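As structure tokens, the structure follows; a few thoughts come after it.
Heavy-atom basis, side chains included; hydrogens, waters and symmetry copies ignored. Every value quoted in this text rests on a predicted model; they were computed, and no experiment measured them. Chain naming here is simple, since letters A, B, ... match the order of the sequence lines and numbering starts at 1 in each.
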There are 2 protein chains.
Amino acid sequence: MADISRPSASPGASPLFLREDEIRRGVELLYFGYTRLTNAIDQELVKQGLGRAHHRALYFIARQPDLTVGELLRLLAITKQSLGRVLKELHDRDLVVTKTGALDRRQKLLRLTDKGAALEAELFAQLREKLSAAYVTAGQESVTGFWHVLEGLVPESDRQMVFDLRKDKT
Amino acid sequence: MADISRPSASPGASPLFLREDEIRRGVELLYFGYTRLTNAIDQELVKQGLGRAHHRALYFIARQPDLTVGELLRLLAITKQSLGRVLKELHDRDLVVTKTGALDRRQKLLRLTDKGAALEAELFAQLREKLSAAYVTAGQESVTGFWHVLEGLVPESDRQMVFDLRKDKT
DNA sequence: CAAGATACGTCAACATGGCTGACATATCTC
DNA sequence: GAGATATGTCAGCCATGTTGACGTATCTTG
């Protein structure tokens, strides 16, 4: 692992010390940044009587309509029993519908109902508010740096899956 | 915050569409980056029979020795009952010790034992490995951008607390 | 076309780590 | 001395993860 160009050192500070501090800074900011962003939707989730697990499912189904159950399982990296509980609740509340896959009839394709889409949009609006404020403050160059570092945290084996979220399914 | 409405038509890709995609990209990368980084220590935690909650406490106590219980509560943003359970377990395993505050004898100052420090160092090494690989791949400029965006996600009211982690207690 | 693999669902039991509410004690501050 | 503060603790509940075992429909392949 190559050496990182440390921030122009305060006089005589050990490179090893700075290195540790840079790593800890990243760990902490990632922790606080992530938790505070997710806090943005807490109020609305409580109002709806839903939890974070429900939101994650809603989010990915919104992001990629006709996602299969298996794909969602891989994205969330939980067991099918856990996901089953969440999907059942979303279905019972008319937030999500499934239809049988056209190519492979074993698959179930997931979609939001209008009601589900409206809820997801409302939750997303909160995330957008927080994150776009941070983007604006930091500036576009920082945003691309932010992306690059985070991409580097995603293991090779998962990267394609994550990038594919940005592609519409045909 | 400006209004950023629905993704509009594809041809000539609307700036509004790009904006939503940029926000979703950030949400997803933050989610995957954060979870994959924390995955780095899963194996070791299981081996130790500890959970993530224990690690968070260990981490912050390592980061700022003589932290008080109240400060740790604010950092973790959980109830004292939840934290009490965790601290009791860490104490029972000789990973953490407390001493009465010198200035205010109601306070308990938290410190890692040698054993606790050794464990935290081992866990930190895993985080460092992952995160410094991401830093190196992305480059120093990206790293500062990464920090800036994340700082923007931390509400004003919490920012001082987070920054103060980088200062030694006197 | 039969056999096996795959996609999905579900039952039951359990672990972790949050939460609320109610109280107790020691100590500090005014 | 009275009240605020820092900490601890009992008891119970909830959300969301886990393992293991099975069942059914459907696809794939020899």
Side-chain angles (χ1 to χ4, degrees), chain A residues 31 34-35 38-39 41-61 66-93 96-111, chain B residues 31 34-35 38-39 41-61 66-93 96-111:
Chain A
Y31 169 71
Y34 178 74
T35 63
T38 64
N39 285 346
I41 59 169
D42 283 351
Q43 204 184 344
E44 184 62 24
L45 284 176
V46 167
K47 201 165 99 188
Q48 300 287 333
L50 296 174
R52 288 197 200 287
H54 302 95
H55 176 243
R56 287 195 286 272
L58 278 181
Y59 180 94
F60 285 119
I61 298 169
D66 287 343
L67 199 66
T68 67
V69 171
E71 287 167 336
L72 186 52
L73 277 174
R74 261 167 268 131
L75 285 164
L76 295 174
I78 60 177
T79 59
K80 64 180 173 178
Q81 294 89 331
S82 298
L83 179 58
R85 194 160 42 196
V86 168
L87 284 181
K88 183 179 188 321
E89 285 160 9
L90 293 176
H91 191 265
D92 288 350
R93 288 168 187 251
V96 164
V97 287
T98 61
K99 65 181 171 192
T100 300
L103 300 177
D104 184 337
R105 293 176 46 78
R106 290 171 304 179
Q107 294 182 330
K108 295 219 178 151
L109 309 184
L110 299 162
R111 268 190 181 268
Chain B
Y31 169 71
Y34 179 74
T35 63
T38 65
N39 286 347
I41 60 169
D42 283 350
Q43 203 185 344
E44 184 62 24
L45 284 177
V46 166
K47 201 165 98 187
Q48 300 287 334
L50 297 173
R52 287 197 201 287
H54 302 96
H55 176 244
R56 285 195 287 272
L58 277 182
Y59 180 95
F60 286 119
I61 298 170
D66 287 344
L67 199 66
T68 68
V69 171
E71 287 167 335
L72 185 52
L73 277 174
R74 261 167 269 131
L75 286 164
L76 296 174
I78 60 177
T79 60
K80 64 180 171 177
Q81 293 90 329
S82 298
L83 179 58
R85 195 162 39 195
V86 168
L87 285 182
K88 183 178 189 320
E89 286 161 7
L90 293 176
H91 191 266
D92 289 350
R93 288 168 188 251
V96 164
V97 287
T98 61
K99 66 182 171 193
T100 300
L103 300 176
D104 184 337
R105 293 178 45 79
R106 290 171 304 179
Q107 293 181 331
K108 295 220 178 150
L109 308 185
L110 299 162
R111 267 189 182 271

Spell out yes or no: do the side chain of Glu89(B) and the base of dG17(C) have one donor N/O and one acceptor N/O closer than 3.5 Å? no

So what is the end-to-end bend of the helix from dC1(C)-dG30(D) to dC30(C)-dG1(D), with 5 pairs used at each end and the value given to 10 degrees? 30°

Would you kindly give the NZ-to-P distance between Lys108(A) and dT26(D), to the nearest whole Å? 10 Å

The nucleotide from dA6(D), dG18(C), dG17(D) with an atom nearest the side chain of Arg56(B) is dG18(C)

Measure NE2/His55(A) against C1'/dT16(D) and give the value in whole Å, please. 16 Å

Which atoms form the tightest heavy-atom contact between Leu83(A) and Val69(A), and what is the distance? CD2-O, 4.1 Å

Reckon Arg52(A) touches a base, only the sugar-phosphate, or nothing at all at heavy-atom distances under 4.0 Å? sugar-phosphate

note: Leu73(A), atom CG; dT18(D), atom P; distance rounded to Å ~ 10 Å

Surrounding CZ of Arg105(B) (heavy atoms of other residues, nucleotides or ligands, distance under 6.0 Å), is the total greater than 12? no

Determine whether His91(B) and Leu87(B) make a side-chain contact, defined as any pair of heavy atoms from C-beta on separated by less than 4.5 Å. no

What is the distance, rounded to the nearest whole Å, between atom CG of Leu83(B) and atom P of dG8(D)? 8 Å

Give Gly51(B) one of three labels, base, sugar-phosphate or nothing, depending on what nucleic acid heavy atoms sit under 4.0 Å from its own. sugar-phosphate

Name the residue closer to the 5' end of DNA chain D, choosing between Leu103(A) and Ala53(A) according to the nucleotide with the nearest heavy atom. Ala53(A)

According to a strict under-4.0 Å criterion, is Arg105(B) in side-chain N/O contact with OP1 or OP2 of dT29(C)? no

4.5 Å side-chain heavy-atom contact, Leu67(A) and Leu75(A): yes

Atom-to-atom span, CD1 of Ile78(B) to C1' of dA15(D) - whole angstrom: 16 Å

Taking for Asp104(B) and for Lys80(A) the nucleotide of DNA chain C with the nearest heavy atom, the one nearer the 5' end belongs to Lys80(A)

Report yes or no: is there a donor-acceptor pair, N or O only, under 3.5 Å between the side chain of Arg106(A) and the base of dT6(C)? yes

Using whole Å, what does the distance between atom C1' of nucleotide dT10(C) and atom CG of Asp92(A) come to? 14 Å

If I take atom CD in residue Glu71(B) and atom C1' in nucleotide dT7(D), what distance separates them, rounded to the nearest angstrom? 14 Å

With heavy atoms under 4.0 Å as the rule, sort Gly84(A) into base, sugar-phosphate or nothing. nothing

Presence of salt bridge, Glu44(B) and Lys47(B), under 4.0 angstrom: yes

Taking only side-chain nitrogens and oxygens of Ser82(B), does any of them come within less than 4.0 Å of OP1 or OP2 of dG17(C)? no

Aromatic ring pairing Tyr31(A)/Tyr34(B), orientation class (parallel under 30°, perpendicular over 60°, tilted between): tilted

Using the rule side chain to side chain donor-acceptor pair (under 3.5 Å), only one of Arg111(A), Lys108(A), Gln107(A) pairs with Asp66(A); which is it? Arg111(A)

Does a side-chain N or O from Thr79(B) land closer than 4.0 Å to OP1 or OP2 of dC19(C), or not? yes

Determine yes or no for a side-chain-to-main-chain donor-acceptor pair under 3.5 angstrom, with Arg93(B) supplying the side chain and Leu50(B) the backbone. no

Regarding His54(A), tell me which of base, sugar-phosphate or nothing describes its non-hydrogen contacts under 4.0 Å with the strands shown. sugar-phosphate

Is there a donor and acceptor pair closer than 3.5 Å between the side chain of Gln81(B) and the base of dG12(D)? no

What is the separation between atom CZ on Arg85(B) and atom C1' on dG12(D), rounded to the nearest whole Å? 11 Å

